[in-house]
Amino acid sequence: MTELAYFKDTYVVCGTGRVLEVLDTSALTNDTAAMTPLTKALQRHPHAVILDATLFYPQGGGQPTDTGRITGPHGHFTVAHVFMDDKRVYHQGTLHGTLNEGDAVDLAVDEDVRMRNARCHSAGHVIFSIVKQTWGDQMTERKGHHFSDGAYVEFSGLLPDSHDKNALEDMVARVVAEDRRILVSEECTNDDVLRVVQVDGYVANPCGGTHVRSTAELGLVTIRKIARRAGQNLTKISYSVA
């Protein structure tokens with residue numbers, strides 16, 4: 001199990017860890033019939049590194065991966081992609097020199113990528129919050145895709161025609177201008193701890209992603225399109241963050 005240190009603070013992009021395992025993916029099976037989903041995922045990059053704790057966000061929950069660098073005493077590792085499987089985080093990329101089991105390493109997350117992803121994800125939560133606060137149970141979130149090159153949030157339910165993309169964009173702009181806090185907390189359930197994110201004054205939503213501290217950090221959020229699909233009872237709101 002990898003400790004998810006990025007949960008503690010989005011803004012911490014440098015830290016330390018210890019190498020648990022280094023995988024050379026060329027040694028994995030090429031027998032298609034014998035491949036598992038994990039094997040297939042690992043073969044997309046030359047190497048994978050597993051740490052005891054990581055600052056790198058693994059792609060998932062609608063948010064793209066962090067990138068960056070892991071540096072040890074005898075080499076460094078360029079992190080191109082990160083994913084999680086069975087509570088272990090796999091850092092994928094290219095190894096330069098050597099990293100060995102037990103090595104103490106320095107972690108450096110690409111700050112520009114981290115903050116771009118965090119802003120995009122938080123903007124999606126602002127849109128979700130406004131829609132839920134305004135239309136309540138009429139709109140139920142289905143999924144979010146918080147990639148900067150095609151971000152959207154999708155709802156079961158049809159957004160009223162009276163609210164076009166310009167009207168919704170104005171509503172988002174007001175929340176951004178109000179400089180509302182974006183709060184991250186944990187709630188205990190019967191079997192686990194649930195992490196939730198809340199735009200201050202709005203409904204909370206379960207989320208494992210990275211977020212900015214305040215709506216003011218989002219800047220210009222543009223509603224690119226609102227697609228209503230009556231036959232599917234679905235509304236898709238596409239957006240971008242400048």
Side-chain angles (χ1 to χ4, degrees), residues 1-25 28 37-125 144-149 151 182 184 186 192-193 195-197 206-213 217 241:
M1 181 174 178
T2 309
E3 179 188 348
L4 307 180
Y6 62 83
F7 266 177
K8 299 174 183 176
D9 192 339
T10 292
Y11 297 81
V12 175
V13 293
C14 294
T16 59
R18 189 168 297 277
V19 175
L20 298 182
E21 190 174 357
V22 180
L23 300 173
D24 179 353
T25 60
L28 299 175
L38 176 59
T39 303
K40 291 179 181 179
L42 287 170
Q43 287 187 329
R44 294 174 187 147
H45 294 270
H47 302 92
V49 174
I50 302 170
L51 306 171
D52 64 338
T54 187
L55 286 172
F56 290 86
Y57 180 81
Q59 185 162 307
Q63 180 177 324
T65 175
D66 278 334
T67 58
R69 183 172 170 135
I70 299 170
T71 304
H74 306 295
H76 69 272
F77 185 79
T78 303
V79 180
H81 186 82
V82 187
F83 74 95
M84 187 187 299
D85 182 84
D86 195 25
K87 297 186 179 181
R88 302 182 89 197
V89 175
Y90 294 82
H91 307 77
Q92 296 180 280
T94 305
L95 180 61
H96 307 271
T98 61
L99 289 179
N100 299 303
E101 181 180 343
D103 279 353
V105 290
D106 294 319
L107 315 179
V109 175
D110 185 322
E111 186 172 11
D112 289 341
V113 173
R114 161 65 66 82
M115 297 314 299
R116 180 178 69 234
N117 292 344
R119 289 172 62 234
C120 190
H121 200 154
S122 293
H125 276 254
H145 181 79
H146 309 294
F147 287 60
S148 59
D149 60 350
I182 298 176
V184 179
E186 294 182 342
D192 207 348
V193 176
R195 186 173 184 264
V196 296
V197 173
C207 182
T210 58
H211 290 274
V212 295
R213 296 187 181 114
E217 296 181 51
V241 180

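Small disclaimer: the values here were computed from a predicted structure and weren't measured.
Note: Phe56 and His91 meet the aromatic proximity criterion, with ring centroids under 6.0 Å apart.
Remark: side-chain polar atoms of Glu217 are not paired, donor with acceptor, to backbone N or O of Met115 under 3.5 angstrom.
When all heavy atoms of Pro46 and Gly93 are compared, the closest pair comes out as CD-O, 3.3 Å. When all heavy atoms of Met84 and Val89 are compared, the closest pair comes out as CE-CG2, 3.9 Å. Minimum interatomic distance between Leu95 and His47 (heavy atoms only, all atoms of both residues): N-ND1, 3.4 Å. Gly75 and Leu99 make their closest contact through O-CD2, 3.8 Å (heavy atoms, listed as atom of the first residue, atom of the second, distance). Closest of all the heavy-atom pairs between Ala104 and Pro73 is O-CD, 3.6 Å. The nearest pair of heavy atoms linking Leu55 to Arg114 is O-NH2, 2.5 Å.
With sequence neighbours excluded, the residues forming a side-chain contact (heavy atoms from CB on, under 4.5 Å) with Gln59 are Pro64, Thr65, His81, Phe147, listed by chain and number. Under the side chain to side chain donor-acceptor pair (under 3.5 Å) criterion, Glu111 pairs with no residue, sequence neighbours left out. In this structure, the side-chain contact (heavy atoms from CB on, under 4.5 Å) partners of Cys207, at least two apart in sequence or on a different chain, are His121, His125, Val197, His211.
Ring orientation note: the planes of Tyr57 and Tyr6 are nearly perpendicular, at an angle over 60° on the 30°/60° scale.
The OG1 atom of Thr210 lies 11.0 Å from the CG atom of Asp9; values are rounded to the nearest 0.5 Å. Separation of atoms CG (Asp110) and OG1 (Thr67) is listed at 4.0 Å; rounding is to 0.5 Å. In this structure, Leu107 CG and Arg69 CZ are separated by 12.5 Å, a value rounded to the nearest 0.5 Å. From Asp24, atom CG reaches atom CG of Leu42 across 11.0 Å, with rounding to the nearest 0.5 Å. The NE2 atom of His74 lies 7.0 Å from the CG atom of Asn100; values are rounded to the nearest 0.5 Å. Of the inter-residue distances, the one linking Phe83 atom CZ with Leu38 atom CG reads 5.0 Å to the nearest 0.5 angstrom.
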From CA spacing to verdict: side chain to side chain contact (heavy atoms under 4.5 Å, CB included), His146, Asn117: CA-CA 7 Å; His146 309 294; Asn117 292 344; over 6 Å; no

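Between Val22 and Phe77, every side-chain heavy-atom pair lies at or beyond the 4.5 Å cut-off.
Screening Leu51, Asp52, Thr16, Val49 for a side-chain contact (heavy atoms from CB on, under 4.5 Å) with Val105, the sole residue that qualifies is Leu51.
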